[in-house]
2 protein chains.
Amino acid sequence: MTDPAERHEIALLLRRLTVELDAVGSRFASVHGLNRTDVRALVAIMDAARRGEALTAGQLGEAVDLRSASVTALVDRLEKVGHVRRERDPEDRRRVSLQLSESAMAAGGEHFGGLARDLVAAMGTYSDDELAVVRRFLTEMTDVIMRHSRADEPPS
Amino acid sequence: MTDPAERHEIALLLRRLTVELDAVGSRFASVHGLNRTDVRALVAIMDAARRGEALTAGQLGEAVDLRSASVTALVDRLEKVGHVRRERDPEDRRRVSLQLSESAMAAGGEHFGGLARDLVAAMGTYSDDELAVVRRFLTEMTDVIMRHSRADEPPS
DNA sequence: CCTAATCTCTCGATGTTCGAGATTGTTGGT
DNA sequence: ACCAACAATCTCGAACATCGAGAGATTAGG
C-alpha cells in the first residue's frame with residue numbers, strides 16, 4: 001500500500017484542483033460582470049436545463065442556499081442583464097419558472113463547454129481500466145466528503 | 001479508448017466533487033459564524049503556516065483576491081473573534097504578519113484534518129499503481145483547468 | 001537627506017444578503 | 001361556494017462585505 005504521506009499529497013492535489021476549478025468560475029464571472037453567486041445560479045439553472053427541467057425561484061434558492069429575498073434580487077440581476085426570463089408557471093401561478101436566454105446558454109457553453117471539451121480530450125490518453133480507477137476514486141472520495149458536509153444536520 | 005460520453009461523465013464527477021468540497025467549507029463557515037471569504041482566508045493562513053511561513057496582510061489579500069481595504073476589514077473580523085493576531089513585522093515595520101490562534105488551529109484541525117484523515121483512509125483500498133494513475137489524472141486535469149482560468153491574462 | 005515606492009489603514013459609496021411581513025395563489029374541510 | 005391554512009414570491013429596511021481613493025508610516029535608492 002502507498003505510504004500515508006503520498007496519499008495525503010493526493011488529497012492536497014484534490015483540493016488544489018477544486019481551487020483552480022473555482023478560479024474558472026471566478027473568471028467567467030469577471031468577464032461577464034457577474035458575482036460568484038450569479039455564476040453558481042446560472043450553473044444550477046443550466047444543469048437543470050440539461051436534465052430537461054426548468055427551475056423555480058424557490059428551487060434555485062435551495063440550490064445556491066439563499067433566502068427568498070436574496071433570490072428575488074438575484075433573479076432581478078440576471079434578468080436585467082438578459083441572462084434569464086421569469087415565466088409564471090401556468091400549473092401553479094404562485095411559482096416563477098426560470099428560463100435561460102440564448103445569450104446565457106451561448107456564453108456558458110463557450111466557457112464551460114470549452115473546458116469540458118479539453119478535459120475530455122485530456123482523458124484520451126487513459127485506458128479503459130485507468131479511467132475505471134479514476135471513476136471509482138472520484139465517486140468514493142465524493143462520498144467521504146459528503147459525509148463531512150452533511151455530518152450532523154437536523155434529520156429531515 | 002473509453003467513449004466520449006463516459007469521459008464526459010467523469011468530468012461531471014469531478015465538478016460534483018468540487019461542489020461537495022465547497023460545501024465542507026460552507027459548513028465550517030456556518031458552524032463558526034464566518035463567511036466564505038473568512039474561511040478561505042483561514043485556509044490560506046493555515047497553508048502558509050504548514051509551510052512554516054507567516055502571511056502578511058498583503059499576501060493574504062493576494063491569496064484570496066481582495067483589495068487592501070477589504071483585507072483590513074477581513075483581518076479585523078478574524079481578530080475580533082480571536083482566530084488571528086496581528087503582529088508588526090520587526091524586519092519591515094510597515095508589514096503586519098498574521099498569526100493563527102490556538103483556537104483557530106484546533107477548530108481547523110478538527111474540521112479539515114478529520115476530512116483529510118478520512119480521505120487518506122479511503123485511499124487505503126488502492127494499489128500503488130492505481131494511486132499513480134489517480135495522481136497523474138489529478139495533475140493533468142488541474143493543468144487543463146489552469147489553462148482555462150488563466151486564459152488571456154495580461155502577461156506580467 | 002529627499003524623493004519615490006511600499007504596506008497598511010480610514011473613509012465614504014455601492015452592492016449583496018437577510019429577517020419580517022405583505023401579496024398573490026392554492027388546497028382542503030365544511 | 002366559502003374560509004382558513006398553507007405556499008411561493010416579492011417589498012422593505014437593516015446589516016454587512018467589498019471597493020476606490022487617498023492618508024500615514026516606513027523603507028529603499030539616489
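All values below were derived from every heavy atom in this structure, side-chain atoms included, with hydrogens, water molecules and symmetry-related copies excluded.
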Is the backbone of [Y] close enough, under 3.5 Å, to the side chain of [X] for a donor and an acceptor to pair up by distance?
{"X": "A:R95", "Y": "A:T56", "result": "no"}
{"X": "A:E6", "Y": "A:D3", "result": "no"}
{"X": "A:E79", "Y": "A:R86", "result": "yes"}

Should [X] be listed as having a side-chain N or O under 4.0 Å from OP1 or OP2 of [N]?
{"X": "A:N35", "N": "C:dG15", "answer": "no"}
{"X": "B:R93", "N": "D:dG24", "answer": "no"}
{"X": "B:R95", "N": "D:dT26", "answer": "no"}
{"X": "B:T56", "N": "C:dT8", "answer": "yes"}
{"X": "A:R36", "N": "C:dG15", "answer": "no"}
{"X": "A:R94", "N": "C:dT24", "answer": "no"}

[X] versus [Y]: any side-chain heavy-atom pair under 4.5 Å?
{"X": "B:R136", "Y": "A:T125", "result": "yes"}
{"X": "A:R93", "Y": "A:D89", "result": "no"}
{"X": "B:L17", "Y": "A:T18", "result": "yes"}

Practice item. Anything under 30° is parallel, anything over 60° is perpendicular, the rest tilted; go ahead and classify A:F112 against A:F28. Key: tilted

Check your understanding: For DNA chain C, which residues in residues 78-92 of chain B have a heavy atom at a distance below 4.0 Å?
Key -> B:R86

Check your understanding: Which of residues 63-73 of chain A have a heavy atom under 4.0 Å from DNA chain D?
Key -> A:S68, A:A69, A:T72

Check your understanding: In whole Å, what is the span from the CG atom of A:L74 to the P atom of C:dC18?
Key -> 11 Å

**Study point:** Length of the CZ-C1' vector between A:R77 and C:dT14, whole Å
**Key:** 13 Å

Exercise for review: Flag yes if more than 12 heavy atoms outside A:E62 fall under 6.0 Å of its CD atom; otherwise flag no.
Suggested key: no

Review point. Has A:Q99 got more than 12 heavy atoms of other residues, nucleotides or ligands less than 6.0 Å from its CD?
Key: yes

Check your understanding: Can B:S26 and B:R36 be counted as having a side-chain donor-acceptor contact under 3.5 angstrom?
Key -> yes

Study note, to complete from the structure: Considering only heavy side-chain atoms of A:V96, the closest of C:dT17, D:dT9, C:dT26 is D:dT9

Exercise for review: Specify the closest pair of heavy atoms between B:G61 and B:V71, including all atoms of both residues, with the distance to one decimal.
Suggested key: CA-CG2, 3.4 Å

Exercise for review: Please work out the stems of DNA chain C from pairs that are Watson-Crick or G-U wobble with both distances under 3.5 Å, keeping only runs of three or more consecutive pairs.
Suggested key: C:1-30 with D:1-30

